[in-house]
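Once you've had a glance at the structure underneath, I'll fire off some questions.
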Amino acid sequence: MSHNVHQFLASVNALEVQPDFVVFTGDLTHTTDDPVERRKRMAQFKEIVSKLKVKTVRFMPGEHDASLDRGKAYEEIFGQTHYAFDHKGVHFVALDNVSDPGSAVGDAQLDWLRSELKNVPRDAPVVIFTHRPLFDLYPQWDWATKDGSKAIDLLQGWKNVTVFYGHIHQEHHFKTGDIPHHAAKSLIFPLPPPGSQPKRAPVPWDPAHPGRGLGFRQAAMAQPWLLTERSAEEGLLPAATKAG
């Protein structure tokens with residue numbers, strides 16, 4: 001993973017126009033039962049990505065970071081597991097659907113989301129970051145959120161909502177009603193398309209194509225968002241640009 005992350009840092013730092021901020025949508029580390037090692041890995045990741053030129057870097061937990069201790073170690077290193085902020089007229093919300101052992105957002109956080117959006121105009125652009133998909137992409141592989149439909153129902157009250165999520169280690173696009181949901185490639189290993197094989201397992205590493213299925217995404221503020229997929233297979237050069 002370290003090589004891929006360092007390659008990512010170099011690619012982002014080399015961009016002619018630096019992004020306003022960078023968001024890591026979870027699974028910053030790999031699961032460990034050792035709480036000391038868990039904190040060590042998180043601190044190491046935070047130190048590595050501090051090499052980004054971008055001044056604002058935001059984090060979210062994945063289940064590998066937060067599921068074993070309800071996010072306690074994550075909060076010590078990175079801060080709150082869910083939060084909101086405004087940037088250039090867009091209201092951003094990071095939701096935590098990994099700290100709950102039941103793979104849920106939870107009623108308390110849904111109440112917080114409802115309160116958080118209360119004063120946001122109904123036609124304002126809203127972006128939601130989550131780790132797991134809020135919709136039932138493939139529950140058999142844990143590619144779902146137990147109460148994600150409640151969050152989606154709540155968000156349907158706003159006209160310009162976009163969801164960006166992680167977890168599935170591949171590019172994916174889906175809509176629930178008028179809400180688009182976008183997942184990007186991973187920096188560590190790709191996973192196969194949902195339900196394409198009996199068990200979820202990483203795509204076998206190919207030494208002839210070590211960067212295949214890896215990459216990151218740039219998102220430019222527009223209606224809809226302008227998404228640029230950057231692929232490690234092509235040296236993290238632009239692979240595709242599309243409206244999302």
Side-chain angles (χ1 to χ4, degrees), residues 1-9 22-50 57-83 94-106 109 129-148 164-172 183-205 210-217 232:
M1 180 187 77
S2 178
H3 171 76
N4 298 335
V5 173
H6 284 290
Q7 188 182 18
F8 160 76
L9 298 179
V22 169
V23 180
F24 291 95
T25 53
D27 284 350
L28 313 177
T29 62
H30 196 62
T31 304
T32 173
D33 293 329
D34 183 342
V36 175
E37 179 64 21
R38 187 179 306 134
R39 287 163 172 80
K40 179 181 176 181
R41 292 179 183 182
M42 290 184 187
Q44 182 182 27
F45 180 84
K46 189 175 183 180
E47 172 61 25
I48 290 172
V49 300
S50 70
V57 180
R58 300 185 184 275
F59 303 95
M60 294 172 49
E63 79 280 5
H64 290 290
D65 311 305
S67 63
L68 295 183
D69 63 359
R70 292 184 175 267
K72 182 178 179 181
Y74 175 92
E75 289 181 331
E76 291 176 13
I77 306 297
F78 296 104
Q80 292 179 309
T81 61
H82 65 278
Y83 54 88
L95 288 180
D96 173 8
N97 57 0
V98 296
S99 296
D100 186 309
S103 305
V105 176
Q109 195 178 174
F129 297 120
T130 69
H131 182 66
R132 287 187 174 94
L134 290 175
F135 62 96
D136 285 353
L137 173 55
Y138 200 68
Q140 299 92 317
W141 286 3
D142 187 36
W143 288 4
T145 300
K146 184 177 180 180
D147 55 358
F164 294 104
Y165 68 99
H167 194 53
I168 69 170
H169 293 224
Q170 61 194 275
E171 181 184 349
H172 190 271
K185 296 181 178 72
S186 168
L187 294 174
I188 180 169
F189 57 77
L191 286 169
S196 60
Q197 57 190 45
K199 293 184 179 181
R200 182 190 66 196
V203 175
W205 185 69
R212 179 170 292 173
L214 304 177
F216 67 98
R217 167 179 292 147

So, for L9 and I48, which heavy atoms are closest and what is the spacing to 0.1 Å? CD1-O, 3.2 Å

Once you round to the nearest 0.5 Å, how far does NE2 of H64 lie from CG of L28? 11.0 Å

pair K40-F45: side-chain heavy atoms closer than 4.5 Å: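 Heavy-atom side-chain distance check fails, nothing below 4.5 Å.
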
So which atom in P194 and which in L137 form the shortest heavy-atom distance, rounded to 0.1 Å? CG-CD1, 4.0 Å

Using modelled atom types and a 3.5 Å cut-off, is there a donor and acceptor pairing between side-chain atoms of R41 and backbone atoms of T29? no

Does D136 reach the main-chain N or O of P139 with its side chain, forming a donor-acceptor pair under 3.5 Å?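 Pair absent, no side-chain N/O of D136 close to backbone of P139.
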
CA sep, side-chain torsions, deciding dist, call: T81, E75, side-chain contact (heavy atoms from CB on, under 4.5 Å): CA-CA 7 Å; T81 61; E75 289 181 331; 3.8 Å; yes

Return the CZ to CH2 distance between R200 and W143, rounded to the nearest 0.5 Å. 7.0 Å

Is a side-chain donor or acceptor of S186 paired with a backbone partner of L214 at a separation under 3.5 angstrom? no

Is there a donor-acceptor pair closer than 3.5 Å between any side-chain N or O of D100 and the backbone N or O of V105? no

Heavy atoms only: give me the nearest K46-F78 pair and the separation to one decimal.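 Looks like CB-CE2, 3.8 Å.
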
Output for pair (F59 CZ, I77 CD1), nearest 0.5 Å, gives 11.0 Å

Taking atom types as modelled, is there a side-chain donor on N97 or H131 under 3.5 Å from an acceptor on the other? no

Please confirm whether the backbone N or O of D27 pairs with a side-chain atom of D65, one donor and one acceptor, at under 3.5 Å? yes

Drop me the distance from R217's CZ to T25's OG1, to the nearest 0.5 angstrom. 9.0 Å

Min side-chain heavy-atom separation Y165-F135 under 4.5 Å: yes

S99 and A66 have their tightest heavy-atom pair at OG-CB, 3.6 Å

Would you mind reporting whether Q170 and P190 have side-chain heavy atoms less than 4.5 Å apart?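 Not touching, per the 4.5 Å side-chain cut-off.
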
Check M60 against Y83 and note the closest heavy-atom contact, atom names and distance.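 Heavy atoms of M60 and Y83 come nearest at CG-OH, 4.1 Å.
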
Checking D69 against R38 for the salt bridge (charged side-chain N to carboxylate O under 4.0 Å, His left out) test, could you report, in this order, the C-alpha distance in whole Å, the side-chain angles of both residues, the deciding distance, and whether it holds? CA-CA 10 Å; D69 63 359; R38 187 179 306 134; 3.3 Å; yes

Smallest separation among heavy atoms of A104 and K146, with atom names: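 For A104 and K146, the tightest heavy-atom pair comes out as CB-CB, 4.1 Å.
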
Between F216, F129, F8, which is the residue that forms a ring pair (Phe, Tyr, Trp, His ring centres under 6.0 Å) with F24?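 Result for ring pair (Phe, Tyr, Trp, His ring centres under 6.0 Å) with F24: F8.
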
Looking at OH of Y138 and OG of S196, how far apart are the two atoms once the value is rounded to the nearest 0.5 Å?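 Here the interatomic distance stands at 8.5 Å.
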
Under the side chain to side chain contact (heavy atoms under 4.5 Å, CB included) test against H169, which residue among L191, V203, L187 passes? L191

Does the Q7 side chain pair with the main chain of V5, one donor and one acceptor, at a distance under 3.5 Å?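 No, Q7 side chain to V5 backbone: no donor-acceptor pair under 3.5 Å.
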
Can you tell me if D96 uses its side chain to pair, donor with acceptor, with the backbone of H82 under 3.5 Å? no

Distance-only, no hydrogens or angles: does the R39 side chain make a donor-acceptor pair with backbone N or O of E76 under 3.5 Å? no

Could you tell me whether the side chain of H167 and the main chain of D142 form a donor-acceptor pair under 3.5 Å? yes

Donor on one side chain, acceptor on other, S103 and R132, under 3.5 Å: yes

Does a side-chain heavy-atom distance below 4.5 Å link P101 with R70?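 Counting from C-beta outward, P101 and R70 do come under 4.5 Å.
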
